[in-house]
**Student:** 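First the structure, then my questions, so here it is.
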Amino acid sequence: MTGHGTDDARPDNFIEQIIQKDNASGKFEGRVVTRFPPEPNGFLHIGHAKSICLNFGVAQRFGGACFLRMDDTNPLKESAEYVAAIQRDVRWLGFAWGERETHASDYFEQLYIFAEELIQRGRAFVCSLTLEEIRATRGTLTEPGTPSPYRDRSVEENLDLFRRMRAGEFPDGAHVLRAKIDMASPNINMRDPVLYRIRRAHHQRTGDAWCIYPMYDYTHCLSDYLEGITHSLCTLEFEDHRPLYDWVLDTLATPHHPQQIEFSRLNLEYTVLSKRMLNTLVADGHVDGWDDPRMPTIAGMRRRGVRPEALQEFCTRIGVTRSDGTVEMSSLERCIRDDLEAMPRALAVVNPLKVVLTNYPDDREEWFRAPNHPQVAALGERDVPFCGELFIERDDFVFEPPNKKYKRLSPGAEVRLRYGYIVRCDEVITGNDGEAVELRCSVDLESRAGGANAERKVKGVIHWVSARHGVAAELRLYDRLFTEPNPAALKDGRHFTEVLNPESLVIREGYVEPYLAGLAPGSRVQFERSGWFYLEPERATAARPVFNRIITLRDSWN
RNA sequence: UGGGGUGUCGCCAAGUUGGUAAGGCACCGGAUUUUGAUUCCGGCAUUCGCAGGUUCGAGUCCUGCCACCCCAGCCA
């Protein structure tokens, strides 16, 4: 797709097909207005990113507009902090809503007037049943409900009661306003659904102006109407609510009637995407907060170092359909790596193993010229310091090569130091547990680029950092949050918090080449042969750099 | 046993009037490579939940099954 408001381009999904047809038939006079309507009761996650990209993307493509609307009708669960977080995340993701920033609470007065009109028309009534009684008379999936004894109150009495509800004359739960539809409907949402409830709670925006609050089904369709939304995109679980959405607008005979269209929500392996569960992780301290880099939240991924471009690409790759599915983590990972591919590279050792070069002059040091990106010359070059004492990756040495394809270091084996010399492991100094604590190697001084043995072939190349020049750094290695593909639905009855990955965060003390210590906060870089890291601005300190591992390099070896 | 949905390769997903199964991810080869990365070639559904039927011809039409998801908040 070109994204230039072209109506005739090939549609990306069934929703765009519907819009093209609507535009062709003149259903909405060619207008396309959407909205992203989050409830400010938690942070946005990657599932919301899908909806954001869809709603804003469709508006962009068809030359329409998209509102950012806070669905704030339940003051008990919402807060201004969440509102701010949501705005920041949508903006970071790359979308702008301009003046189209609204709140369902902006419409409370209009919603109230519409409610009186419903009463006036005899289509809504004040019900004085208790919560339990309403539940008991709602019926079941297979049995119809029974009408409320208050269903036939007069318009006058309903109006009086409803006005007194608003005036605060009744305690919470004493009455509710209900739509008068059909208690025998096979669709439970149509069995005289509650429209308003009394709730003495301080609203983050309207304060104590109201003690009655409208329910979602009543609020959403009218907010859509008020904003002139044409296509109201939501997830599949709201499909059963569409008849009610239409009923409210039809009953009120609104001059404009938005079309609700449902699509399937995103499910991702090895994580959970429900606000309830994410909230539990935060509330019970399993993570450091909604923006913990391990969280599938937009804020978490931002702190981890993922770029918005990667998330947008992911959303276009997974598509939009009506079928339930679970996307593999590898699909997201691919998008993140693709996006990071152009970042500069450097050398850093995550898990250090000391190496002493026995035939390298003790007082000597050299600076090797190295490209910042092997395929992107424009990224320039830098000098990497080298001396007779180095750190290499612990994983790059093994006493016994597992097979003939092994290309790293082992006793007697040779390997090239990236951008440097070829070295051979002559001796291994071991500790009490028999583990290697230091390697003694000899170096071929003619093997560097330009030297007589520069073309000598050795099986592998490993990264390293000069022990004398290297800068100690905190390396935060992040991994998947759960050990099970679908932690939200474990077959053995375990709770999702029982399958948290104990190694989702491993903090290491490593060494990075000087160049890395001089990077600006917010920089992203690839530690060669290891992965991409992010210098998280929030953790920037002059004393010791802190890097978050965004994601590892693809590894076809292990 | 009510209502609403969905079933195309391990995962996501095209397939719009029936004409003989796109693409991406993953995976498997092989080339290049001072990152076991990247890049690059090549492979990867005789088959579209199942069973019948209509048709010269069906993933696309009809019938009947089966599986899975959602709904009984004064949550959204």
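A, B, ... follow the sequence lines: proteins, then strands. Residue 1 opens every chain. The structure displayed is predicted, hence computed values, not measured ones.
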**Student:** Kindly say if A:T321 contacts the phosphate of B:rC12, meaning a side-chain N or O under 4.0 Å from OP1 or OP2.
**Tutor:**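 For B:rC12, neither OP1 nor OP2 has a side-chain N or O of A:T321 closer than 4.0 Å.
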
**Student:** Mind checking the C1' distance from B:rC70 to B:rG29? Whole angstroms is fine.
**Tutor:**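 Per the computed distance, 44 Å lies between those C1' atoms.
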
**Student:** So, is A:R529 close to the B:rA37 phosphate, meaning a side-chain N or O under 4.0 Å from OP1 or OP2?
**Tutor:**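 It does not, given that no N or O in the side chain of A:R529 lies less than 4.0 Å from OP1 or OP2 of B:rA37.
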
**Student:** Base, sugar-phosphate alone, or nothing: which one does A:S331 contact when heavy atoms must sit under 4.0 Å apart?
**Tutor:**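 Touches sugar-phosphate only.
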
**Student:** Considering just the side-chain nitrogens and oxygens of A:R138, establish if one lies under 4.0 Å of OP1 or OP2 belonging to B:rC74.
**Tutor:**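 Yes, such a contact exists.
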
**Student:** Which value, in whole Å, describes the distance between the C1' atoms of nucleotides B:rG4 and B:rC9?
**Tutor:**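 Roughly 29 Å separates the two C1' atoms.
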
**Student:** Looking only at atom C1', what distance separates B:rC56 and B:rU20, rounded to whole Å?
**Tutor:**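 Comparing C1' positions in B:rC56 and B:rU20 gives a spacing of 12 Å.
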
**Student:** For B:rU32, does OP1 or OP2 lie under 4.0 Å from any side-chain N or O of A:Q375?
**Tutor:**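 No, because none of the side-chain N or O atoms of A:Q375 sits under 4.0 Å from OP1 or OP2 of B:rU32.
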
**Student:** Within the 4.0 Å heavy-atom criterion, would you say A:L131 contacts the bases, only the backbone, or no part of the nucleic acid?
**Tutor:**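 Base contact.
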
**Student:** Does the cation-pi check pass for A:R199 over A:Y213, that is, NZ or CZ under 6.0 Å from the six-membered ring centre and within 45° of its axis?
**Tutor:**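 No, A:R199 does not lie over the aromatic ring of A:Y213.
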
**Student:** How would you label the contact of A:H241 with the nucleic acid (heavy atoms, under 4.0 Å): base, sugar-phosphate, or nothing?
**Tutor:**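 Base: the residue A:H241, judged by heavy atoms under 4.0 Å, touches a nucleobase.
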
**Student:** Determine the interatomic distance between P on B:rG42 and the same-named atom on B:rG24; round to the nearest Å.
**Tutor:**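 These two P atoms come out 12 Å apart once rounded.
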
**Student:** Could you tell me which non-hydrogen atom of A:K50 sits nearest to which non-hydrogen atom of A:L266, and how far apart they are?
**Tutor:**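 Heavy atoms of A:K50 and A:L266 come nearest at CD-CB, 4.0 Å.
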
**Student:** A:D71 near the nucleic acid: base, sugar-phosphate alone, or nothing, with a heavy-atom cut-off under 4.0 Å?
**Tutor:**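 The residue A:D71 makes sugar-phosphate contact but no base contact.
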
**Student:** If you measure from the C1' atom in B:rG23 to the same atom in B:rA37, how many Å do you get, rounded?
**Tutor:**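 To the nearest whole Å, 25 Å.
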
**Student:** So does A:T73 get a side-chain nitrogen or oxygen closer than 4.0 Å to the phosphate oxygens (OP1/OP2) of B:rC75?
**Tutor:**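 For B:rC75, OP1/OP2 do not have a side-chain N/O of A:T73 under 4.0 Å.
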
**Student:** Take atom C1' in B:rC44 and the same atom in B:rU33, then report the distance between them in whole Å.
**Tutor:**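 Those two atoms are separated by 26 Å.
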
**Student:** Does the aromatic ring of A:W557 sit over the six-membered base ring of B:rG36, closer than 5.5 Å centre to centre and tilted less than 30°?
**Tutor:**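 The base of B:rG36 is stacked with A:W557 (centres under 5.5 Å, planes under 30°).
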
**Student:** With no angle test and no hydrogens, is the base of B:rG10 tied to the side chain of A:E328 by a donor-acceptor pair under 3.5 Å?
**Tutor:**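 Looking at the base of B:rG10, it does pair with a donor or acceptor on the side chain of A:E328 (distance under 3.5 Å).
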
**Student:** Given B:rG24, is OP1 or OP2 found less than 4.0 Å from the side-chain N or O atoms of A:R334?
**Tutor:**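 For B:rG24, neither OP1 nor OP2 has a side-chain N or O of A:R334 closer than 4.0 Å.
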
**Student:** Step through it carefully: locate the ring centre of A:Y150, locate the ring centre of A:F125, and say whether they are under 6.0 Å apart.
**Tutor:**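 No: the rings miss the under 6.0 Å criterion.
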
**Student:** Looking at B:rC75, I'd like to know if its phosphate oxygens (OP1 or OP2) sit under 4.0 Å from a side-chain N or O belonging to A:R199.
**Tutor:**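 Yes, such a contact exists.
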
